[in-house]
Amino acid sequence: MESSTQYELRLAERMSRLGTETAFEVLNKARALERQGKQIIHLEIGEPDFDTPANVVEAAVHALHKGWTHYGPSAGLPELRQAIAEEVSRTRGVQVKSDEVVVVPGGKPIIFFTILALCDAGDEVIYPNPGFPIYESMINYVGARPVPIRLQEQKDFSFDVNELAALITDRTKLIIINSPHNPTGGVLTRQDIRDIAKVIGDRNILVLSDEIYSRLIFEGEHYSIMSVPGFKDRTILLDGFSKTYAMTGWRMGYGVMRPDLAAHITRLMTNSNSCTASFTQVAGIEALKGDQSSVEKMRLEFMRRRDSFVAGLNRIKGFSCRMPKGAFYVFPNITGSGWKSKKLADALLEDAGVACLSGTAFGDFGEGYLRFSVANSLENLNKAQQRIEDWTKRNLE
Ligand SMILES: Cc1ncc(COP(=O)(O)O)c(C=O)c1O
């Protein structure tokens with residue numbers, strides 16, 4: 001980037017280790033093509049295309065009128081922390097108290113704060129690859145050692161627990177798991193989770209369990225490692241409002257963890273954000289306790305789109321796609337095309353007008369795959385499928 005000042009920008013060394021999320025870069029590139037008059041179908045961004053449920057919006061508007069416009073406690077409003085504690089106790093079958101809950105602006109800060117609070121230079125963190133890019137970015141940022149574990153397509157994008165056993169060392173501080181999973185849509189079964197817990201055994205290793213898509217399951221059930229006996233104290237559960245209630249722009253999520261760690265995460269909140277916006281938290285109580293029918297409506301619509309889009313992708317030469325069991329992504333194997341993932345994603349954007357992400361945006365083991373988000377209308381998904389099929393006919397014969 002060209003500088004307009006004579007003063008050299010002397011960044012901290014750690015900034016060279018901070019990664020990013022390619023989804024936003026692809027979105028910018030797609031927008032630039034749109035400005036040139038091209039018509040792009042957006043399947044790159046990971047956010048529901050639905051509006052936030054009206055009862056939640058109303059609750060926020062009401063809260064604003066009622067004067068919820070001031071600072072609140074750093075860990076979150078007591079009423080919301082209590083509502084989250086009740087929700088997590090009910091859904092995960094463990095007894096959670098409100099002092100184990102920290103409300104933060106989105107799910108992401110739980111990743112940021114947890115790694116910042118726990119990991120020193122030289123500590124090892126095991127995390128899924130392909131996986132949400134912020135894990136690796138943050139592990140590198142704090143100078144810890146990233147230890148990727150490969151997700152395997154033939155295992156429905158779960159990993160081999162024997163490999164996990166082999167990767168754990170005396171320096172392993174944290175293991176990150178994510179189910180339902182971004183970018184593959186994989187869901188860890190109760191047996192998978194129990195096997196992971198068994199491998200960890202009674203070691204003093206914490207697990208960051210990213211469950212931001214917990215309510216978006218199409219087959220099977222959501223099962224948290226927090227529910228495994230002996231793991232409540234060693235789990236940091238991440239969940240939130242962004243995906244479940246289509247509230248990505250509101251910025252509200254939470255972590256559930258042992259109270260002594262919660263106190264440190266709260267101190268990071270005090271140092272960074274002071275608190276999550278007060279009126280959004282009032283609306284968060286309504287989201288959790290109010291009518292849940294929109295959550296089910298969105299889930300069913302994502303499932304309808306998934307079924308149709310996966311079937312369509314499987315008709316395209318060079319593509320083969322498993323049926324994802326959760327989240328709102330599909331992750332086809334494109335090795336049959338003979339193209340590398342990034343090159344294919346670029347070509348589909350520029351020549352076919354379909355924006356998607358290269359599997360490598362989620363780590364090296366994402367090579368051979370593309371990620372499409374089905375957070376777009378069925379009509380646009382069908383159009384995208386047709387455009388990709390036409391493109392492959394022109395370019396892959
Ligand atoms: C796996 C995973 N974790 C966390 C997040 C962050 O969610 P939020 O927008 O609530 O910060 C995302 C968002 O895409 C995600 O895919």
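In listed order, ligands and their atoms are each counted from 1. The first residue of the sequence shown is numbered 1, and numbering continues consecutively from there. The shown structure was predicted, so the numbers you read here are calculated from the model rather than taken from an experiment.
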> Can you list the steps and then say if R234 with V207 is a side-chain contact (heavy atoms from CB on, under 4.5 Å)?
CA-CA 6 Å; R234 286 179 289 164; V207 180; 5.5 Å; no
> Hey, is the main chain of Q95 close enough, under 3.5 Å, to the side chain of K232 for a donor-acceptor pair?
yes
> Judged by atom type as modelled, is there a donor-acceptor pair below 3.5 Å linking the side chain of R14 to the main-chain atoms of G143?
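Side chain of R14 to backbone of G143: no pair is present.
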> Would you check if the side chain of E367 reaches a backbone N or O of G359 as a donor-acceptor pair within less than 3.5 Å?
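No, E367 side chain to G359 backbone: no donor-acceptor pair under 3.5 Å.
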> Within the 3.5 Å criterion, strictly below it, is a donor on E211 or Y223 matched to an acceptor on the partner's side chain?
no
> Report yes or no: does R371 contribute a side-chain atom to a donor-acceptor pair with the main-chain N or O of Y329 at less than 3.5 Å?
no
> Ligand 1: which residues have a non-hydrogen atom closer than 4.0 Å?
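Within 4.0 Å of ligand 1, the protein residues are G106, G107, K108, F132, Y135, N178, N182, D210, I212, Y213, S242, K243, R251.
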